[in-house]
Amino acid sequence: MEDGAEALDKSVIYNVKPMRSLVPVFSSPPNHSSSPNAHPFLSVSPAGPFPTGVVPFYPFAGAAEINQARTNSFSSPAQAAVPLSSFRTPTSRGDYSGQANGDVEGSQSSGKKKNKPRKKAKGDGRGAANFADIDTDSIVEGIVLSSTLMPINTLLSADGNEESARYVRLVFDVLRRRISQLEDSKDATGSGVRRPDLRAGSVLLGKGIRTNSTKRIGAVPGVNVGDMFYFRMEMCLVGLHAPSMAGIDYMTIKINKEEEPVAVSVVSSGGYEDDTDDPDFLIYSGQGGNVQMGKDVTDQKLVRGNLALEKSLHRGNEIRVIRGVKDPANPLTKVYFYDGLYTIQESWADKGKSGCTVYKYKFVRIPGQPEAFATWKSILQWRSGTVQRGGVILPDLTSGAEKIPVCLVNEVDNEKGPSYFTYIQALNYSVPVGALQPPSACDCKSGCAAGEAQCSCAGKNGGYVPYIINGVLVDRRALIYECSTSCICSATCRNRASQGGLKLRLEVFRTKDRGWGLRSWEAIRGGTFICEYAGEAITARTGLTDDYIFDSTRTYQPLEVSLGVPGNETRLPFPLVVDAKNRGNVARFINHSCAANLFWQAIVRYTGNAPSLHIGLFAVSHIPPLTELTLDYGIVQTDNAPRKTCLCGSPKCRGYFF
DNA sequence: GGATATTCAAACGT
DNA sequence: CACGTTTGAATATC
């Protein structure tokens, strides 16, 4: 288009093989918890000293006492092993939300305080009725029983670890997404505020599906600097920050018979006039004094959280800091980054704008921790153009084929870029005649998510639109039917999440010693559609082990946590192999990992008049910006198939792939 | 132990 | 869309 003299197709660029077998980049090293500073409390702990990073504080109750409080069937430590057959798995009907569960609960627990319903005393029932008909017990049961991550009889202990924290976060989000989906499918007549996050959090707390439930100073096992959250409840469930709203979390410690509150974590997210400019410092405002319903601004008092911060200043203990920011990609929501440990350097009393007293605390970040909030700030600068992203080789390797540019960066060595390939946005593959039911053609006028109970596309997906808002998939299914050209609904219908090319800002980057990889500048929620695997469909030969191959006939691990409904297997009813060597999209740069943060999902929709199949890639869990995106490329079943040695480095590494 | 006060939510309406 | 309103739920404290 611009200078036509060049015979070179602009979409053709350099190409070097992605090294799929190499170690993925994690947002933070796993050994972060070995604090550079000695823990100030170790010397005074009655049971100390402990190894660095271990903070076994039980100020009020022993672990046993806390465990005893759990009476639910799923985490009860009473039975050494619970045979799976003693549980009834959900039936294959599309609607599995209304089933009774008395047999399961009854056989495992005495029935006292089954689900801790948290009765609302209010008589109107308006808000409470929002979720009244959603059987969260059955949903959670399906999730727990189908999980491959933790044995169901493993106690989610008061002191967590990497696995339990991951488990809790995954369960929370899939439950929350399912509740959202069920809410979305109802008539949109109810105007009450819906809070699937609170509902999911409350249900899981009631069932003991939480971890690190004892408060502690310093690092929280299984939660790493740079971890990302979308709801306060998520942080509560993993023991990072307990209060559901308050910004300061604190605990009382007993020293020489003196009880004293100390702060353990704070959330800074714009509720007060904090100074958050410098990623190494934080000026944090004390709590209270704000305008509330029918109350004026008042002086803050040195009580509760403020008192705890003051005591922490004098004790010098580490305090976890969570930085909440507005997500520019979705300005209505917030993202929370766990930014690691800080100490308070000084405090003072200020006069706020209204003339009332506001306490201020200067937090200083302990050096040597991985970047978290600092990374986010850098990306904001790249996006606004105030700072240029370093190492850019090509500003857009799609050459405009995507609406959003994908830059090619190398901050590591002298490689100039991958070898030639042609950028295409989508896979072009028609479903074999008779292999599947054809997709539907709905006539929804107002979007297919809410209130369109008659949507025939939703009917194809078991009665529900498979996506909630923002292109977030509720759960993996064998196949998803999207709305498309033959539907009445608009292009913004949420049942078209995989269409229209990239929606996230991505970059292809040079890894340190691992070839090229793909990652995002954006905060990605679990379940989000990332991209499809584009390329040339080759159905004739399967079992290929070349690079740039996606092979649906390989064996894939199930998701660690899912809703547990039948039909979420990955096998397709016909063989599809995609070769992205000569033609492809960003997906061809995605490296393999046995602990991948993406999964694939088959999607059917019309392209013109032909039902076409697409391979969508979705986020397994929240993915912080600049974390490498990885996919499990599966296993070839035949015994003598050539295999590639895997060095993904995860504890679950199989040692090979393909 | 139950009830209450406190609180840097999250959604939605204007 | 910035701001106000509404409905919240965990926890500490009374």
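Side chains included, hydrogens not; waters and symmetry mates left out as well; all remaining heavy atoms used. Everything quoted here is computed from the prediction, not taken from an experiment. The chains referred to below are lettered A, B, ... by the order of the sequence lines, with proteins before strands, and numbering in each begins at 1.
- At a threshold of 4.0 angstrom between heavy atoms, the contacts of A:Y250 are confined to the sugar-phosphate backbone, with no base atom among them.
- Taking side-chain N and O atoms only, A:K334 has no distance below 4.0 Å to OP1 or OP2 of B:dA10.
- Counting non-hydrogen atoms under 4.0 angstrom, A:D274 reaches a base of the nucleic acid.
- Of the two residues near DNA chain B, A:L332 and A:G271, the one whose nearest nucleotide lies more 5' is A:G271.
- The interatomic distance linking A:M235 (CE) with C:dA9 (C1') rounds to 14 Å, in whole Å.
- For C:dA12, one of the phosphate oxygens OP1 or OP2 lies less than 4.0 angstrom from a side-chain nitrogen or oxygen of A:K215.
- Under a 4.0 Å N-O distance rule, the pair A:R176/A:E234 does not qualify as a salt bridge.
- Pairing partner, B:dC8: none, since no Watson-Crick or wobble contact has both distances short of 3.5 Å.
- Look at A:Y336 and you'll find a side-chain N or O under 4.0 angstrom from OP1 or OP2 of B:dA10.
- As judged by a 4.0 angstrom heavy-atom cut-off over every strand, A:G288 is placed among residues touching the sugar-phosphate backbone only.
- For A:Y284, taking side-chain heavy atoms from C-beta onward, the closest of the listed nucleotides C:dT11, C:dA10, B:dC8 is B:dC8.
- In summary, A:K207 and A:D137 engage in a salt bridge, as defined by a charged side-chain N under 4.0 Å from a carboxylate O.
- Remark: A:L175 CG to A:D173 CG distance equals 9.0 Å, nearest 0.5 Å.
- Taking a cutoff of 4.0 Å between a charged side-chain nitrogen and a carboxylate oxygen, A:R365 and A:D339 qualify as a salt bridge.
- If you check every strand for non-hydrogen atoms under 4.0 Å, A:K326 touches sugar and phosphate atoms only.
- At B:dT7, none of the side-chain N or O atoms of A:S244 fall inside 4.0 Å of OP1 or OP2 (strictly under the cut-off).
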